Amino acid sequence: MSDKVTEVEQHGIAPIPPAEQTSRPRDLFRLAFGGANTFATIILGTLPIAYGLSFWAALAATVVGVVLGALVLSPMALFGPITRTNNAVSSGAHFGVVGRCVGSFLSLLTAITFFAISVWVSGDAVAGAAQRLFGIDGGPALRAAAYGVIAIAVLVVCIYGYRFMLLVNRVAVTLGTLIMLVGIFAYGGSFDPSFTGSGNFALGTFWPTWILAVLTVMANPISFGAFLGDWSRYIPATHSRRSLLAAPFLAQLATLLPFGFGIATATLVADPADYVTGLTAISPLWYAIPLIVVALIGGLSTGTTALYGTGLDFSSIFPRLSRVRATLLIGTLSVLFIFVGNFVLDMVSSINAFATLIVLCTSPWMVIMMIGYVQRRGYYDPADLQVFNEGRTGGRYWFHRGVNWRAMAAWIPATALGLLCANTPMITGPLAGIAGGVDISLVVTLCTAAVAYPVLVKVFPEPREVFGPSSATPAEAVAAEA
């Protein structure tokens, strides 16, 4: 692979040649933090305030959500260096090479959601700042034009591929951080940490609403679970597991900056539910241009990290689609969602619903992957993971017609029970009141997956060949075979 950012990446989901695994864990940090150090994360940070919480309650919910989400996310960086492919394909070792389509569905759900958020908030920020600077009220036409320009820019970066994304995120991390820190001078004089909130809690009372805020925040780190392998596959397996675990964990802790920016500034706007318009209205004129810069670079960063992996993955499910064509298809669908969600539906409610689905569908999938990693002691066969993508059958991970029913029999009930217990403004399950209105859906879905999968594997052992050669260190066997 050429190191030139101006050349279109040729690699799909086939294993990256070991000689071309030239990235480092710090590159993974840049991509994970750059993809979240954006307006999309700022918007998620405003939601606890929009739910009616005070500043300190919102901050506490955010810290808890980020830390818990980062702990769940971090192990997902371990697969790419060994399998040399993305996490959806890697999940074929546990769900079966056909059953791994579950991971592809989850990446699609996440990509559409976060691509839509990034383009939506970036477009609104640009339109709002333009109105503040030049007195131009372009209305829906200006917003639509801004959405279109940002969406096209994201698609261009995704088409060029990994190296171009890495460059964009290097810029995004530095510039976005500096501009948000400058925001202290722009808004610091008006900020009051004793802000008590509206008192109109989204779910009626404090604790159910606070838990809702935690789950909303957790959607941000967990959303990266399906995508970490897109980038970690370029990292050699010789790097320590500690460094691979630390990179995404620290990247998520660093997102407390954009989250904090969102929480603090949401206390200043008249209507937190219409945050972008309110923020541009209260911003000093000298800060309007930096806001546009954050919006544009942030939109590129979040949009590319979400869209790149899904285009990559769907090119393997539909062999007639190249990575570029699959990226264009998913991008077009996402743009349609943006326009429908913004001009027809309630965008904030739509984001809340999708965030809930991401957490409750993706977290049990991640738990099963982690348990499987421990059970296999890190052994994976990169060639046999490609069976479905290459139109073949058989191999270590074929199980029953390409599906490992043990993993599916753990993931489906875990997701279903989580949705049944969900208690959010948009998704309320029939068991939502089982804990007095407190949303225990995440606890239920995680515990169900964590218990069901090991029990099923114990009662119905998986084929011996999935554990690789008889060796005390299967991971070393994989390295030798590569």
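Predicted model, so just to flag it, every value in this text is computed and none were measured.
Ring centroids of Phe388 and Tyr397 are separated by 6.0 Å or more, keeping the two rings apart.
Contact check for Gln21 versus Thr238: no side-chain heavy atoms found under the 4.5 Å cut-off. The side-chain heavy atoms of Leu28 and Ser23, taken from C-beta on, include no pair separated by under 4.5 Å. In this structure, the side chains of Pro454 and Ile371 come closer than 4.5 Å at one or more pairs of heavy atoms. The closest side-chain heavy-atom distance from Ser90 to Tyr380 is not below 4.5 Å. Side-chain contact check for Tyr287 versus Tyr187: some heavy-atom pair is nearer than 4.5 Å. Using a 4.5 Å heavy-atom cutoff, the side chains of Ser363 and Thr445 are in contact. Between Phe79 and Thr85, every side-chain heavy-atom pair lies at or beyond the 4.5 Å cut-off. Between Leu215 and Ser441 there is a side-chain heavy-atom pair separated by less than 4.5 Å.
Annotation for Pro382 and Thr83: closest pair CB-O, 3.7 Å, computed over non-hydrogen atoms. Considering all non-hydrogen atoms of both residues, Glu20 and Tyr234 come closest at O-CD2, 3.8 Å. In terms of heavy-atom proximity, Pro81 sits nearest to Ala237 at O-CB, 3.6 Å. Shortest non-hydrogen contact noted between Arg406 and Pro463 is NH2-CD, 4.5 Å. Shortest non-hydrogen contact noted between Leu456 and Trp405 is CD2-CZ3, 4.3 Å. Of all the heavy atoms in Ile49 and Ile263, the pair that sits closest is CG1-O, 3.8 Å.
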Donor-acceptor pairs under 3.5 Å, side chain of residues 410-419 to any protein atom, not counting sequence neighbours: which ones?
from   : atom 1 : to     : atom 2 : distance (Å)
Trp411 : NE1    : Cys361 : O      : 2.9
Trp411 : NE1    : Thr415 : OG1    : 3.3
Thr415 : OG1    : Trp411 : O      : 3.0

Report all side-chain donor-acceptor pairs from residues 61-73 shorter than 3.5 Å, counting only partners two or more places apart or in another chain.
from  : atom 1 : to    : atom 2 : distance (Å)
Thr62 : OG1    : Ala58 : O      : 2.8

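For Glu390, the salt bridge (Lys or Arg N to Asp or Glu O under 4.0 Å) partners at least two apart in sequence or on another chain are Arg392.
Taken to the nearest 0.5 Å, the CG atom of Leu257 stands 10.0 Å off from the OG1 atom of Thr41. In this structure, the separation between OH on Tyr373 and CE on Met76 is 12.0 Å, given to the nearest 0.5 Å. For the atom pair OG1 (Thr110) and CD1 (Ile358), the distance works out to 4.0 Å, reported to the nearest 0.5 Å. Separating the CG atom in Leu47 from the CD1 atom in Ile42 is a distance of 12.5 Å, to the nearest 0.5 Å. To the nearest 0.5 angstrom, Asn87 atom CG is 9.5 Å from Leu78 atom CG. To the nearest 0.5 Å, the span separating OG1 on Thr255 from CG on Asn37 amounts to 8.5 Å.
Ionic pairing of Arg30 and Asp27 is present here: one or more N-O contacts between side-chain nitrogen and carboxylate oxygen are shorter than 4.0 angstrom.
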Could you go step by step and tell me if Met366 and Ile222 meet the side-chain contact (heavy atoms from CB on, under 4.5 Å) rule?
CA-CA 9 Å; Met366 294 164 67; Ile222 287 178; 3.9 Å; yes

Test side-chain contact (heavy atoms from CB on, under 4.5 Å) applied to Asn389 and Arg100, step by step:
CA-CA 11 Å; Asn389 315 326; Arg100 68 90 167 170; 2.4 Å; yes

Full working for side-chain contact (heavy atoms from CB on, under 4.5 Å) between Trp398 and Val98
CA-CA 8 Å; Trp398 187 247; Val98 177; 4.2 Å; yes

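Of the listed residues (Arg376, Arg396, Gln375, His94), just one forms a side-chain hydrogen bond (donor to acceptor under 3.5 Å, both in side chains) with Glu462, and that residue is Arg376.
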